[in-house]
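Here the structure is a predicted model, which is why all the values come from computation and not from measurement.
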Amino acid sequence: MTTASPTSVDSTPIPDGTDPGGGVLGSRYRALTLGIVSVVLVIAFEATAVNTAMPTAARQLNGLGLYAFAFSGYFTTTLFALVVSGQWCDRRGPLRPLFTGIAVFGAGLVVAGTAPGMWVFVAGRAIQGLGGGLVIVALYVVVGRAYPERLRPSVFAAFSSAWVLPSIVGPLVSGAVTQHLGWRWVFLAVPVLILLPLAVMGPALRRSMGVPPAGGWGRERPVLRGADFDRRRTLLAAMAAVGAGLLQYAGQRRDLVGLLPGIAGAALLVPAVLGLLPKRTLRAGRGLPTVILLRGVAAGAFFAAEAFIPLMMTTERDFSPTLAGLTLTSGGLSWALGSWLQGRPGAERYRGAMIRGGFVLTAVAIAGAALVLIPAVPSWTASVAWGVGGVGMGLTVASVSVLMMRLSAPEDAGANSAALQMSDALGNVLLTGLAGVLFAALGGGSLAAAHEGAGDGGSPAAFAVILLVMASVAVLGALLSGRVRARA
């Protein structure tokens, strides 16, 4: 619930407003809030629908061994798109990257939905990642430029709330379509929904960016007049994406042939990450570096575990695609609750404690989901556990975003917002890739097992190891959370 780069965080009111005390749904901000939340709504529906359809798609494409690639491939290309979009927004404003991203996102869905094999399917997911990276940065730019600081926690809460309806409807619709029409229609139908945000948010976005009615989509006032693309950062972003892809490929092979791309991937990824993230981030330096790091830790642990839960429920508990997807519904609902709690008046003084508590709840949830691998444990345990994890993620992710903005000087807000999204994507790539390596190494991705009756490609040991490793990562996040505030 994934994932900005404004050069300055501007609290200037939206031009068409007259209510100086309005909230995010007051007369000044209502149209803009509804517009950008509609974008999140489509992304949320796509995510919940894809999670439900993915096990069936991987089996029918004979690609269970590449199951994790279908998720991590999305975030690998997002690494590159985040940096490009941040600079594009700084140079020309957020409208062009936002609408280009929506179009690319839709194209990736079409490629995935028409894929003849698993590698083409993964390529479609990678195209989606390019579009998603462009979109999410542009949305953060809008939040940073259009909303005052007092409203930003509520905006992030609204983002999380946009996941509620897709969390309920997405698995039901996706499961029914997968069972009766085929998984491909889950991907091919979502692009139609893209028309909704295009219609709803257009006028509000133009006004918020100061574009006159006849100005054209790409003619909003630039944040940095005359700014050029930073070729060094663009190159580093490309290195990070290619390096992450090579590491994932090497992890899938797990042989001497894979050693060379593994070394090359590490040689590209490590210097790229060091150049793109703030100094001392990987060492969990106090203050902003730890805030940036924790975003990747939280997102990576939670979503790496979430990617395998529908597959676990279909292979180990014989759930239908619909029921397997509904297991994750509680997480989407409770995420909105956690995000709402962190935005309540008076919660600001407990920001650090909410981050720590959120990590603890996430760790408990991931470990609790693993209990369904014990036959005597009821299946609904996974849904209850994921509801607990959703509260934890709502508290953690929104609080980290608020802290990042507060700790950023206006001239650094763009770079730090992009770094936050970079950390998010990097955490997803590395930990989902690690989960894929563990899954394949422990026999979970055996294509033979996928056609031999009861196991249907599953492996209790593989799922157990993945979930316990990710729970341990969440515990590490809780231990590091005390470093979000710099010493006086």
Report task. Applying side chain to side chain contact (heavy atoms under 4.5 Å, CB included), run through Ile127 and Thr77 and close with a yes or a no. Result -> CA-CA 7 Å; Ile127 295 172; Thr77 53; over 6 Å; no
Could you give the distance from [atom1] ([X]) to [atom2] ([Y]), rounded to the nearest 0.5 Å?
{"X": "Thr78", "Y": "Gln128", "atom1": "OG1", "atom2": "CD", "result": "9.5 Å"}
{"X": "Leu430", "Y": "Leu426", "atom1": "CG", "atom2": "CG", "result": "4.5 Å"}
{"X": "Phe302", "Y": "Leu431", "atom1": "CZ", "atom2": "CG", "result": "13.5 Å"}
{"X": "Thr381", "Y": "Leu373", "atom1": "OG1", "atom2": "CG", "result": "11.0 Å"}
{"X": "Met422", "Y": "Leu236", "atom1": "CE", "atom2": "CG", "result": "9.0 Å"}
{"X": "Arg286", "Y": "Leu480", "atom1": "CZ", "atom2": "CG", "result": "10.5 Å"}

**Report entry** Ser401 and Arg295 side chains, donor-acceptor separation under 3.5 Å
**Finding:**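 Yes - a donor-acceptor pair under 3.5 Å links their side chains.
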Query raised in the report: Could you go step by step and tell me if Glu46 and Val42 meet the side chain to side chain contact (heavy atoms under 4.5 Å, CB included) rule?
Result: CA-CA 6 Å; Glu46 184 272 343; Val42 172; 5.6 Å; no
Mind checking side chain to side chain donor-acceptor pair (under 3.5 Å) for [X] and listing every partner two or more places apart, or none if nothing turns up?
{"X": "Thr396", "answer": "none"}
{"X": "Glu306", "answer": "Trp386"}
{"X": "Ser399", "answer": "Arg351"}

For residues [X] and [Y], determine if any side-chain heavy atom of one lies less than 4.5 Å from a side-chain heavy atom of the other.
{"X": "Val397", "Y": "Trp335", "result": "yes"}
{"X": "Arg483", "Y": "Leu293", "result": "no"}
{"X": "Ile292", "Y": "Leu288", "result": "yes"}
{"X": "Val484", "Y": "Leu294", "result": "yes"}
{"X": "Met54", "Y": "Leu311", "result": "no"}

Where is the tightest heavy-atom contact between [X] and [Y], given as atom of each residue plus distance?
{"X": "Ala471", "Y": "Ala367", "answer": "CB-N, 4.1 Å"}
{"X": "Met313", "Y": "Ala382", "answer": "SD-CB, 4.2 Å"}
{"X": "Ser72", "Y": "Gly433", "answer": "CB-N, 4.3 Å"}
{"X": "Met354", "Y": "Leu395", "answer": "O-CB, 3.8 Å"}
{"X": "Thr234", "Y": "Val84", "answer": "CG2-CG2, 4.3 Å"}
{"X": "Ala369", "Y": "Met312", "answer": "O-CE, 3.7 Å"}

[X] side chain vs [Y] backbone, donor-acceptor pair below 3.5 Å:
{"X": "Thr76", "Y": "Ala241", "answer": "no"}
{"X": "Thr362", "Y": "Gly358", "answer": "yes"}
{"X": "Thr290", "Y": "Gly285", "answer": "yes"}
{"X": "Asn428", "Y": "Asp424", "answer": "yes"}
{"X": "Ser330", "Y": "Ser383", "answer": "yes"}
{"X": "Ser472", "Y": "Leu468", "answer": "yes"}
{"X": "Ser481", "Y": "Ala478", "answer": "yes"}

Requested in this report: With Leu98 as reference, evaluate Leu139, Val137, Leu134 under the side-chain contact (heavy atoms from CB on, under 4.5 Å) test and give the passing residue.
Outcome: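 Testing Leu98 for a side-chain contact (heavy atoms from CB on, under 4.5 Å) against Leu139, Val137, Leu134 leaves exactly one candidate, Leu139.
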Report task. Apply the test side chain to side chain contact (heavy atoms under 4.5 Å, CB included) to residues Ile355 and Leu403: give CA-CA distance (whole Å), side-chain angles for both, the deciding distance (0.1 Å), then the verdict. Result -> CA-CA 10 Å; Ile355 293 175; Leu403 267 184; 3.7 Å; yes
Requested in this report: Specify whether Phe105 and Tyr74 have parallel, tilted or perpendicular ring planes, treating 30° as the upper limit for parallel and 60° as the lower limit for perpendicular.
Outcome: perpendicular
Requested in this report: For the pair Val242 and Leu246, evaluate side chain to side chain contact (heavy atoms under 4.5 Å, CB included) and give the outcome as yes or no after the intermediate values.
Outcome: CA-CA 6 Å; Val242 173; Leu246 289 174; 4.0 Å; yes
Query raised in the report: What pairs with Phe359 under ring-ring contact (aromatic ring centres under 6.0 Å, His included), at least two apart in sequence or on another chain?
Result: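 Checked Phe359 against ring-ring contact (aromatic ring centres under 6.0 Å, His included); zero matches.
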Query - Selection residues 68-77 - residue pairs positive for salt bridge (charged side-chain N to carboxylate O under 4.0 Å, His left out), sequence neighbours left out - result: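 The answer is none; no pair qualifies.
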Query raised in the report: Is the Tyr67 to Phe308 ring centre distance short of 6.0 Å?
Result: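 So the answer is yes for these two rings.
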Name the atoms and distances for all side-chain donor-acceptor pairs under 3.5 Å in residues 266-279, with sequence neighbours left out.
none

